[in-house]
Amino acid sequence: MPELKRLAILDDYQGVALSMGPWDRLPNSLAIEVFRDTLKDREALVQRLLPFDAILGMRERTPFPASLIERLPNLKLLITTGERNRGFDVAAAKARGIVVSGTPGAGAPTVDITWALILNLLRNVPAEMESLRAGRWQTTVGTSAGGLTLGVVGLGKLGTAVAKVGAALGMKVIAWSQNLTPEKAAAAGVEYATKEELFARADVITLHVILSDRSRGLVGAADIARMKPGAILVNTSRGPLIDQPALIAALNEKKIRAGIDVFEEEPLPPDAPILACPNTMLTPHLGYVSTQAYAAYFEGAVAAVEAYLAGKPIMELPA
């Protein structure tokens, strides 16, 4: 039967992995070590991971390209939280005989964060909270969601869920993506718009597309320039979907507002230019971070280890 001696749990920022999963189900002979930081230095990362024959990666916090995988000769089992991971070179892993497994998730917590960003920006909640703490009372006038136009870029599972909330709040919902057709939009109960129309018409624009070569830089300077003065751009998908210099310029000129949960570099460096931008609400990639999702991830990781040890791997990712 297959054996495993050492399991590394990576990037446990909050220090909760061991308390939120049924790790006691695993054999006592399997040593588990948790790392709470993300190593960017490749040599340091290789030295850290070299002794482990099993590794659990938290989403895409630490990528596993072929150049890293080929330097980990002891690795037998690589697990990602979630059902896919575009930061893992699955083909390279499988070519070396490494099993790559995913885990189930729970619900759609990214929808929560999307609406937290939108509603806080519309009603100026962070500014009003700080104003209240400073002894002032009602210093701004917010805007209700009802009657505004919500532009959804990407009408998949998450985009459709976000659209339904917008409709429930009384918003007019329009949508566009590279694959969306008017028929698919109508089936989801929203109006199809071209990309140009969406950026020009929407009061709030929210992105829900997968990062790929085709979608990298999907929102460029011309798109941002089409936005209404004071319109809100929300990104809870991936940072590189937006042209960052164009976004930062528009924010610094106070042309638009932005709710951003994802960044080109994560964790975000303390000197990142966007941190100094006005008209923003920024969160540290909380989209998938919930007690329910974490519990599902770590339960799934334990099940993946058990299945590997039984010689019957589960939820293997396609190459």
Side-chain angles (χ1 to χ4, degrees), residues 59-60 63 80 82-91 102 104-105 107-115 117-118 148-169 171-228 231-244 246-247 256 258-264 285 287-288 293 315 317-319:
R59 306 298 295 144
E60 297 161 10
T80 177
E83 298 179 7
R84 65 185 174 202
N85 191 319
R86 292 182 177 269
F88 283 18
D89 190 328
V90 180
T110 302
V111 176
D112 302 350
I113 290 297
T114 298
W115 280 104
L117 293 170
I118 293 171
L148 299 183
T149 297
L150 173 68
V152 181
V153 177
L155 204 60
K157 176 183 175 183
L158 292 177
T160 298
V162 168
K164 288 180 178 179
V165 175
L169 290 172
M171 302 181 79
K172 179 177 181 59
V173 184
I174 60 178
W176 171 85
S177 78
Q178 292 162 317
N179 298 321
L180 187 63
T181 64
E183 292 76 20
K184 290 180 180 178
V190 306
E191 177 189 337
Y192 175 83
T194 66
K195 184 183 182 185
E196 292 77 13
E197 289 171 343
L198 185 145
F199 276 85
R201 290 173 53 191
D203 301 289
V204 178
I205 299 167
T206 178
L207 309 183
H208 300 284
V209 297
I210 293 171
L211 179 63
S212 66
D213 290 340
R214 188 170 66 146
S215 65
R216 187 177 297 272
L218 182 69
V219 179
D223 303 306
I224 293 172
R226 288 190 184 94
M227 293 175 63
K228 297 178 180 180
I232 295 171
L233 178 60
V234 175
N235 188 7
T236 57
S237 293
R238 291 294 182 270
L241 294 174
I242 302 177
D243 179 326
Q244 295 300 303
L247 172 64
I256 65 168
I260 307 294
D261 186 50
V262 289
F263 306 90
E264 286 194 306
H285 204 154
Y288 62 88
M315 288 194 69
L317 274 60

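- No donor-acceptor pair closer than 3.5 Å links the side chain of Ser215 to the backbone N or O of Leu218.
- Under the 4.5 Å side-chain criterion, counting only non-hydrogen atoms from C-beta, Ile210 is in contact with Arg84.
- We find the OH-CG distance between Tyr288 and Asp112 to be 15.0 Å, quoted to the nearest 0.5 Å.
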Worksheet item: Stepwise, does the side-chain contact (heavy atoms from CB on, under 4.5 Å) test hold for Val234 with Leu207?
Response: CA-CA 6 Å; Val234 175; Leu207 309 183; over 6 Å; no
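- Contact detail for Arg59 and Phe88: the closest heavy-atom pair is O-CE1, 4.3 Å.
- No donor-acceptor distance shorter than 3.5 angstrom exists from the side chain of Lys195 to the backbone of Trp176, with no hydrogens or angles considered.
- Between Pro240 and Arg216, the closest heavy-atom pair is CB-NH1, 3.5 Å.
- Applying the ring pair (Phe, Tyr, Trp, His ring centres under 6.0 Å) rule to Phe263 yields no partners; only residues at least two apart in sequence or on another chain are considered.
- When atom types are taken as modelled, the side chain of Thr110 and the backbone of Gly287 share a donor-acceptor pair closer than 3.5 angstrom.
- Ser237 and Val262 make their closest contact through O-CG1, 3.5 Å (heavy atoms, listed as atom of the first residue, atom of the second, distance).
- The two residues Glu60 and Asn85 come nearest to each other via the heavy atoms CG-OD1, 3.1 Å.
- To the nearest 0.5 Å, atoms CD1 (Ile256) and CG (Leu247) are separated by 5.5 Å.
- Here the side chain of Gln244 pairs a donor or acceptor atom with the backbone of Gly239 at under 3.5 angstrom.
- Here the side chain of Thr80 pairs no donor or acceptor atom with the backbone of Gly82 at under 3.5 angstrom.
- Judged by distance alone, the side chain of Asp203 and the main-chain N or O of Thr149 form a donor-acceptor pair under 3.5 Å.
- Under the 4.5 Å side-chain criterion, counting only non-hydrogen atoms from C-beta, Asn235 is in contact with Leu241.
- The distance from the CG atom of Leu233 to the CD1 atom of Ile242 is 4.0 Å, given to the nearest 0.5 Å.
- Using a 4.5 Å heavy-atom cutoff, the side chains of Val209 and Val153 are in contact.
- A 4.5 Å side-chain heavy-atom check between Asn179 and Arg214 finds at least one atom pair inside the cut-off.
- Residues passing the ring pair (Phe, Tyr, Trp, His ring centres under 6.0 Å) test with Phe199, sequence neighbours excluded: none.
- Inter-residue side-chain proximity for Leu117 and Asp261 is flagged as met; some heavy-atom pair is nearer than 4.5 Å.
- Between atom CE of residue Met171 and atom CG of residue Leu150 there is a gap of 4.5 Å, rounded to the nearest 0.5 Å.
- Side-chain contact of Thr114 with Thr236: a donor-acceptor pair under 3.5 Å is present, judged by distance alone.
- Using a 4.5 Å heavy-atom cutoff, the side chains of Val190 and Ile174 are not in contact.
- Between Ser177 and Leu180 the shortest heavy-atom distance is OG-N, 3.0 Å.
- In this structure, the separation between CD1 on Ile118 and CD1 on Ile205 is 11.0 Å, given to the nearest 0.5 Å.
- Considering all non-hydrogen atoms of both residues, Met227 and Ala231 come closest at CE-CB, 3.9 Å.
- In this structure, CZ in Arg201 is found 6.0 Å from NZ in Lys172, a value given to the nearest 0.5 Å.
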Under 3.5 Å donor-acceptor pairs involving side-chain atoms of residues 160-167, not counting sequence neighbours:
residue: Thr160; atom: OG1; partner: Leu155; partner atom: O; Å: 3.2
residue: Thr160; atom: OG1; partner: Gly156; partner atom: O; Å: 2.7

